[in-house]
2 protein chains.
Amino acid sequence: MSIQRDGGASPTISEVAAEAGVGRATVARTLGGYGSVSPKTREVVLAAAQRLGYRPNSVARSMSTGETRTLGVVLADVGNPFFAGVLRGIADAARRADYDVLVLSTDEDLAQEAAAIDVLVDKRVDGVILAPAAGRQARMPQIDLLEQRGIPLVLLDRLVDAVTADAVVINNREASREAVASLIEAGHRRIGFVWGPVTTEPAAGADDLRRILDSALWSDGERLLGYLEALEQAGIPFDTSLVTHVAKHESQATRAVLGMLALSDPPTAIFATETDALTGSLRALRQRGLRCPDDVSLIGFDDSSWASVMTPAMSVVAQPMHQLGKLAAECLLARMAGGVAPVATHVLEADFVRRDSVAPPPAN
Amino acid sequence: MSIQRDGGASPTISEVAAEAGVGRATVARTLGGYGSVSPKTREVVLAAAQRLGYRPNSVARSMSTGETRTLGVVLADVGNPFFAGVLRGIADAARRADYDVLVLSTDEDLAQEAAAIDVLVDKRVDGVILAPAAGRQARMPQIDLLEQRGIPLVLLDRLVDAVTADAVVINNREASREAVASLIEAGHRRIGFVWGPVTTEPAAGADDLRRILDSALWSDGERLLGYLEALEQAGIPFDTSLVTHVAKHESQATRAVLGMLALSDPPTAIFATETDALTGSLRALRQRGLRCPDDVSLIGFDDSSWASVMTPAMSVVAQPMHQLGKLAAECLLARMAGGVAPVATHVLEADFVRRDSVAPPPAN
DNA sequence: AGACATATTGATACCGGTACCAATCGGTGA
DNA sequence: TCACCGATTGGTACCGGTATCAATATGTCT
């Protein structure tokens, strides 16, 4: 008894059965907690399992039940604070339901995203949460695969027109409009817009810009629309030169903002719609020796401890990251449980947090 | 032909075999790329697989091969920027070797950590990367389970005396000593030390403190020892009241620093050994209306964009997060591949980044 | 043409669970 | 004492791959 198995192998149900002197099925029932087992037998079996250090093999169980109790998560970058926060929310909700999380980063690359979904399908995850790297008008063949296989899907943070699935996003447009409106209210009329990963030419005008939106991430597009709406409401003409056309990395944001500041009629305020865009903008101000908010007012996206402890404290649009992930996971779990609720897009509210980085434009 | 299967089930090898009119084994050989198959048959099989949209079932493959091509990662909090960065490094290295990553957060809780390891064992991951929540002198029974099962393990960021396994850490003590030394060099003699999650009483003195170290995280302990060494080298007496005894959350760090600043002989500089500790310290200064570096000099741990764009730019000990994760994964993969290299602890260098948050103490 | 080596193929036994079904056990009431 | 019922138990067929082995087909050489 209590013989340690060699070679690092794990004891199986059969071995426990042999050790306990009962049949395989009896052990399965005892440990699986189904069917009926006499108290005496149960004890014998449990003792044998204990002695052998038995642990169930989830792979075998999945093989037989068809469920892996694993959620697949596909997002741009686990290292990014926004996605890291979201992931935490997902993981918390998953754990509570006794699920685990398999994460894949795509770096906003469509090929990697497709490969990631293939992996998740092959590994037979029970559900998928996806922050698409595709623009809202993209076609996403891999999604069909999920649907075909009956794997529930929840879109996170970004919508895609062609995909009919539950989604959890924030009210990007309203939040953005509110932020820009607060700049306008403070007296600004030249407001720079630094946005996320967009790889297109500079827009020739507002209409051209709307065209570009079709290929942009939904979230980025909405933020830009919010900006446009705020301008329009205030009767401020739209100026292409105040909108960056590519700011995927912080350094690109810095370069873009330096470009704006070099204009003959430079912006007196900047709305940066991502963390990297904000820090990139700050770096640009710093390089030009400009001060915030005295020379240029700033509003960022995504709150963090840093934003609130620096001087001046940064006004930001704060996304409920944890909540976003939690809700996405809960939504997915409900769907997996066979929920027949109609497909829905859940919109969470992002709070505009007013701090000290906004002041009236300089008198001059 | 090309009949779509109903019920969301995936086509199996048998179905492909039927569709192609060949035996199961032949399909397996064709798709698995082993054995030999005639070019003609190969084509027929591939066409059938294509028509049916065949995708291999990784679960079944794992069942048969005994490997899951999945790495398990156990860390305190995926939402924490440090761990998020490390995780990204792990995921990148894993992907390159065609492995996926299952992540579990423990919130620095031993029970959750034990449960996490159980899950990974049950799911039969091929290897585990663990940032232990346990102090260096803790006993960790779950680790034995891993060893028993022959699952390779790499410790990350923190060492545990009782565990013999490969490890990847940074040179916490030297980095800490260097940071504190630079404060001393600037003229400071009253230097506050705000450290990470430690749940013990205030130390009664240096010796008592060393005792406390045994139950602290290895990394936290090393950082404190670095602090002590720097003081000793400069002949500055150790003062318990300048060392926080609990600063697990930012708010606790703030409270602790406020306490220090209220001392009759308050610190003129603070070394915060975690991101939260630094932002917490900054918040305390802000509440007291003190300015950095004019009134109090600061050095933090972990670099971020924020640290370098704020005013003053923060001096920090920058950990190579991505590299840390990447190396841990590579080390694990090597061990999984049957590497017979002796167990080793890899020590990466953390750079001390000198910026503007350190100045001589105020003249007064 | 015959013998033999090689390429190709199909059948089948695993892997370790789950779950159904039939067999057995024990106890009860007539 | 016997028939009968429910509780308990063991046997076994899956799940979908992998890998071995024997059987068959193909081709070559003498």
Side-chain angles (χ1 to χ4, degrees), chain A residues 5 7-46 48-49 52-70 121-126 149-150, chain B residues 5 7-46 48-49 52-70 121-126 149-150:
Chain A
R5 300 202 38 201
S10 309
T12 69
I13 275 201
S14 296
E15 288 166 317
V16 174
E19 171 87 7
V22 300
R24 259 163 43 90
T26 303
V27 175
R29 265 190 305 264
T30 309
L31 300 173
Y34 63 97
S36 82
V37 183
S38 78
K40 208 180 52 176
T41 311
R42 142 171 278 102
E43 201 160 331
V44 173
V45 171
L46 290 178
L52 262 41
Y54 174 82
R55 302 240 86 222
N57 182 332
S58 301
V59 176
R61 176 177 291 159
S62 297
M63 181 85 246
S64 162
T65 60
E67 67 168 26
T68 51
R69 298 206 79 80
T70 302
V121 169
D122 293 354
K123 291 215 165 166
R124 299 297 192 265
V125 296
D126 297 330
R149 295 289 202 270
Chain B
R5 302 203 36 203
S10 309
T12 69
I13 275 200
S14 296
E15 288 166 317
V16 174
E19 170 86 9
V22 299
R24 259 162 43 88
T26 303
V27 175
R29 264 190 304 265
T30 308
L31 301 173
Y34 63 97
S36 82
V37 183
S38 78
K40 208 180 51 174
T41 311
R42 142 171 277 100
E43 201 160 331
V44 172
V45 170
L46 289 179
L52 263 41
Y54 175 80
R55 301 241 88 223
N57 182 331
S58 301
V59 176
R61 176 177 292 159
S62 297
M63 181 84 246
S64 162
T65 61
E67 66 168 27
T68 52
R69 298 206 79 80
T70 302
V121 168
D122 292 355
K123 290 216 165 166
R124 299 297 193 266
V125 296
D126 298 330
R149 296 289 201 269

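Protein chains get the first letters and strands the later ones, always in sequence-line order, with residue 1 at the start of each. Quantities reported herein were computed from a predicted structural model and do not represent experimental measurements.
Annotation for A/T12 and A/Y54: closest pair C-CE1, 3.7 Å, computed over non-hydrogen atoms. Here the closest non-hydrogen pair linking B/G53 and A/R149 is O-NH2, 2.8 Å. Smallest separation of non-hydrogen atoms from A/A49 and A/L31: CB-CD2, 4.2 Å.
Listed by chain and number, the residues in a side-chain hydrogen bond (donor to acceptor under 3.5 Å, both in side chains) with B/R69 are B/E67 (sequence neighbours excluded). Take A/T65 and apply the side-chain hydrogen bond (donor to acceptor under 3.5 Å, both in side chains) test, not counting sequence neighbours, and it matches no residue. Here B/T30 pairs with nothing under the side-chain hydrogen bond (donor to acceptor under 3.5 Å, both in side chains) rule; sequence neighbours left out. In terms of the side chain to side chain contact (heavy atoms under 4.5 Å, CB included) criterion, A/S64 has no residue partners (sequence neighbours excluded). Applying the side chain to side chain contact (heavy atoms under 4.5 Å, CB included) rule to B/R29 yields the partners B/A25, B/T26, B/Y34, B/V37; only residues at least two apart in sequence or on another chain are considered. Residues passing the side chain to side chain contact (heavy atoms under 4.5 Å, CB included) test with B/A20 are B/V22, B/V44, B/V45, B/A48, sequence neighbours excluded. Under the rule for a side-chain hydrogen bond (donor to acceptor under 3.5 Å, both in side chains), the partners of B/R55 that lie at least two apart in sequence or sit in another chain are A/D122. Under the side chain to side chain contact (heavy atoms under 4.5 Å, CB included) criterion, B/T68 pairs with A/V59, B/S62, B/T70, B/R124, B/D126, not counting sequence neighbours.
Distance A/R61 CZ to C/dA19 C1': 13 Å, rounded to the nearest Å. When rounded to the nearest whole Å, the span between CG of A/L31 and C1' of C/dG16 equals 13 Å. Between the CG atom of B/D122 and the C1' atom of C/dT18 there is a distance of 16 Å, given to the nearest Å. Atom C1' of nucleotide C/dG17 and atom OH of A/Y54 are separated by 7 Å, given to the nearest angstrom. Protein atom CD1 of A/I13 is 14 Å distant from nucleotide atom C1' of D/dT12, rounded to whole Å. Rounded to whole angstrom, the span from the CG atom of A/L52 across to the P atom of C/dG16 amounts to 13 Å.
Within 4.0 Å of A/V59, counting heavy atoms only, lies no atom of the nucleic acid at all.
The side chain of B/S36 contributes an N or O atom lying less than 4.0 Å from OP1 or OP2 of C/dT8.
An angle of 60°, rounded to 10°, separates the two end axes of the helix from C/dA1-D/dT30 to C/dA30-D/dT1, each defined over five pairs.
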All N/O contacts under 3.5 Å from nucleotides 11-15 of chain C to the protein, with atom names and distances to one decimal?
from, atom 1, to, atom 2, distance (Å)
C/dA13, N6, B/R24, NH2, 3.4

Give me, pair by pair, the N or O atoms of the protein and of nucleotides 24-28 of chain D that are less than 3.5 Å apart, along with how far apart they are.
none

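Of the inter-residue distances, the one linking B/K123 atom NZ with A/R61 atom CZ reads 10.5 Å to the nearest 0.5 angstrom.
Judged by distance alone, the side chain of A/E43 and the main-chain N or O of A/K40 form no donor-acceptor pair under 3.5 Å.
Of the residues in residues 37-46 of chain A, none has a non-hydrogen atom less than 4.0 angstrom from any atom of DNA chain C.
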